[in-house]
Protein chains: 2
Amino acid sequence: MTSERKRKNTSTRRAMLANEIAQAIRLRAFRPGEWLRQIDLEERFEATRFDVRSALDELAVRKTIEHVPNRGYRVAEVDLKTYEEILAARIILEKATADGIVARIDAAAIARLDGLAAQFSAAVLTGSRTEQSEINRAFHQFMYSFCGNAVLEEMIWALRDRGRGSQITVWSSHELLQKSDREHYEMMAALKARDAGRLAALIATHIVKGAPVGPAPVEPG
Amino acid sequence: MTSERKRKNTSTRRAMLANEIAQAIRLRAFRPGEWLRQIDLEERFEATRFDVRSALDELAVRKTIEHVPNRGYRVAEVDLKTYEEILAARIILEKATADGIVARIDAAAIARLDGLAAQFSAAVLTGSRTEQSEINRAFHQFMYSFCGNAVLEEMIWALRDRGRGSQITVWSSHELLQKSDREHYEMMAALKARDAGRLAALIATHIVKGAPVGPAPVEPG
DNA sequence: TGCAACATAATTGGCGCCAATAATTTCGCC
DNA sequence: GGCGAAATTATTGGCGCCAATTATGTTGCA
């Protein structure tokens with residue numbers, strides 16, 4: 001039998017590669033402002049030049065990265081004004097999920113969410129920053145998946161990705177991290193009490209509090 | 001002096017072409033489900049094959065159109081469930097602009113909006129469907145431009161574009177068209193009274209009423 | 001040494017070619 | 001004539017080549 005490799009069509013490969021690159025950006029493998037050299041990406045992700053360019057184009061349309069003609073693509077840098085607009089939009093959208101979540105979520109899902117909250121607590125103590133980030137993402141992604149509006153969900157995650165281009169560091173202090181942790185449990189309480197209004201309020205403060213607006217922590221270099 | 005034609009770079013040309021195609025779709029020059037043959041687009045918009053494909057890719061990422069491997073691109077068809085989700089999301093976002101608009105809009109802008117509302121009234125009587133649509137768009141675009149959140153605005157217009165892929169005809173009857181017309185003036189009244197809450201409520205009914213689809217989509221309040 | 005002009009290297013970008021796939025027509029058989 | 005198979009045409013899609021542009025390095029001169 002010939003072990004022939006499956007050759008998917010471009011749109012599939014592009015989407016996959018775009019997601020891989022997007023994840024790498026989430027994990028801070030590439031930092032805001034950093035140039036994404038096509039040759040490097042070819043090797044790192046074992047893709048052709050063509051696929052790399054398609055994927056970069058897609059990410060540019062999604063505004064995860066920015067295209068500068070004849071210079072290439074770089075991770076988007078989000079200025080403070082835009083960042084605040086993104087946060088405001090996130091608050092609007094993520095609050096709006098509360099009703100649907102409370103209406104739809106079941107006991108099994110609540111148990112699973114409790115587990116994710118606990119995982120986050122553990123990660124706060126021992127995990128790396130990226131672990132914390134991924135678990136936090138999983139918690140919210142799972143919760144929002146019950147809102148009953150896929151369009152809304154998409155927009156939320158697109159916004160969250162865009163917000164990463166900011167210089168503002170989320171959880172800039174350990175206290176904020178612990179506060180986020182506590183708020184997860186408060187959300188669980190609201191969820192169990194089927195209190196959509198309270199959940200919405202918690203979501204709003206969760207977003208604002210995770211990202212301290214004010215002087216941005218400056219990185220050397 | 002040699003009258004040499006300016007040759008812009010691809011990203012610019014692609015964006016322009018993508019917008020032209022998007023507008024053609026808005027104006028129903030291409031209908032939902034219709035295939036967009038690359039050769040036709042080359043001729044119609046006097047662009048190269050390469051530019052056409054880039055533009056189509058961009059529109060596919062924005063979900064204005066859909067890409068079917070080895071078949072091509074076609075205007076996206078939105079199923080009823082997704083359409084309702086889009087409407088629900090639009091209500092959430094467009095309501096959220098009310099506060100900012102009321103806070104920022106000035107007398108000159110209000111006067112201009114009154115003018116647009118009047119233009120719409122005229123178009124209701126004598127204009128074509130696309131004229132009505134374009135004037136309506138101008139009215140809302142101008143109003144929302146005062147909300148103070150560019151990110152929010154972008155999302156609203158992306159959603160409105162996406163919603164056009166539905167089979168549902170907006171203003172399916174002349175009464176609904178007239179109702180939309182009246183609501184514009186009610187919005188103006190709320191605006192002049194600086195009543196953000198009332199404006200938000202009007203925006204919500206405006207969206208629901210323009211598109212007659214059974215019971216209104218659930219909308220958190 | 002500082003710096004500007006030039007030469008070289010690195011990288012991106014436009015696009016055309018033709019292979020792969022789908023749609024259409026023709027043909028042949030019952 | 002009806003229907004399916006095969007040939008033809010139409011259309012899309014992958015990708016590599018090299019020109020255009022930018023970055024880097026080098027030289028020469030004050």
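By convention in this document, chain letters (A, B, ...) are assigned in the order of the sequence lines, proteins followed by strands, and residues within each chain are numbered from 1.
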State whether a side-chain donor-acceptor pair under 3.5 Å links B/Ser54 with B/Asp57.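 Checked: B/Ser54/B/Asp57 side chains show no N/O donor-acceptor pair below 3.5 Å.
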
Could you work out, with side-chain contact (heavy atoms from CB on, under 4.5 Å) as the rule, every residue matching B/Glu154, not counting sequence neighbours? A/Lys63, A/Arg162

Looking across every strand, which nucleic acid part, if any, lies under 4.0 Å from A/Arg49 by heavy atom: base, sugar-phosphate, or nothing? base

Can you name the atoms? Protein N/O to nucleotides 23-25 of chain C N/O, anything below 3.5 Å, with the distance.
from   : atom 1 : to      : atom 2 : distance (Å)
C/dA23 : OP1    : B/Arg71 : NE     : 2.5
C/dA23 : OP1    : B/Arg71 : NH1    : 3.1
C/dA23 : OP1    : B/Arg71 : NH2    : 2.7

Cut-off 3.5 Å, side chains only: do B/Tyr73 and B/Glu66 have a donor facing an acceptor?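 Judged by distance alone, the side chains do not pair up.
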
Do B/Asp181 and B/Ser121 meet the criterion of a side-chain donor-acceptor pair at a distance under 3.5 Å?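 Yes, B/Ser121 and B/Asp181 have a side-chain donor paired with an acceptor closer than 3.5 Å.
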
Salt bridge A/Asp51-A/Arg14, side-chain N to carboxylate O under 4.0 Å: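 Not counted as a salt bridge, because no side-chain N and carboxylate O are separated by less than 4.0 Å.
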
Take atom OH of A/Tyr73 and atom C1' of D/dT22, then tell me their distance rounded to the nearest Å. 16 Å

Measure from CD1 on B/Ile39 to P on D/dG13 and round the result to the nearest Å. 12 Å

Side chain of A/Arg37 - closest among C/dT11, D/dT11, C/dG13: C/dT11

Under 3.5 Å, is there a donor on one side chain and an acceptor on the other for B/Arg49 and B/Gln38? yes

Atom-pair distance (CG on A/Leu41; P on C/dG13), nearest Å: 13 Å

Neighbours of DNA chain D within residues 61-70 of chain B, by heavy-atom distance under 4.0 Å: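 Result for residues 61-70 of chain B: B/His67, B/Val68, B/Pro69, B/Asn70, sorted by number.
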
Is the phosphate of C/dC15 approached by B/Arg13 (side-chain N or O, under 4.0 Å from OP1 or OP2)?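 True: B/Arg13 side-chain N/O within range (under 4.0 Å) of C/dC15 OP1/OP2.
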
Rounded to whole Å, the CG-C1' distance (B/Leu56 to D/dT12) equals 11 Å

Looking just at side-chain N and O atoms, do A/Asn136 and A/His184 make a donor-acceptor pair shorter than 3.5 Å? yes

5'-most contact on DNA chain D (nearest-nucleotide basis), A/Arg53 vs B/Gln38, goes to B/Gln38

Side-chain donor-acceptor pair present, B/Gln132, B/Arg129, cut-off under 3.5 Å: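 Side-chain D/A pair, B/Gln132 to B/Arg129: present.
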
What is the distance, rounded to the nearest whole Å, between atom CZ of A/Phe50 and atom P of C/dT12?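 To the nearest whole Å, that distance equals 16 Å.
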
For the pair made of CG in A/Leu17 and C1' in D/dG14, what is the distance, rounded to whole Å?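 So the two atoms are 15 Å apart, to the nearest Å.
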
Rounded distance (nearest 0.5 Å) linking atom CD of A/Glu58 with atom CD of B/Glu58: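 One finds 11.0 Å between CD of A/Glu58 and CD of B/Glu58.
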
Whole-Å distance between C/dA10 P and A/Glu42 CD?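 My rounded result for the distance is 15 Å.
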
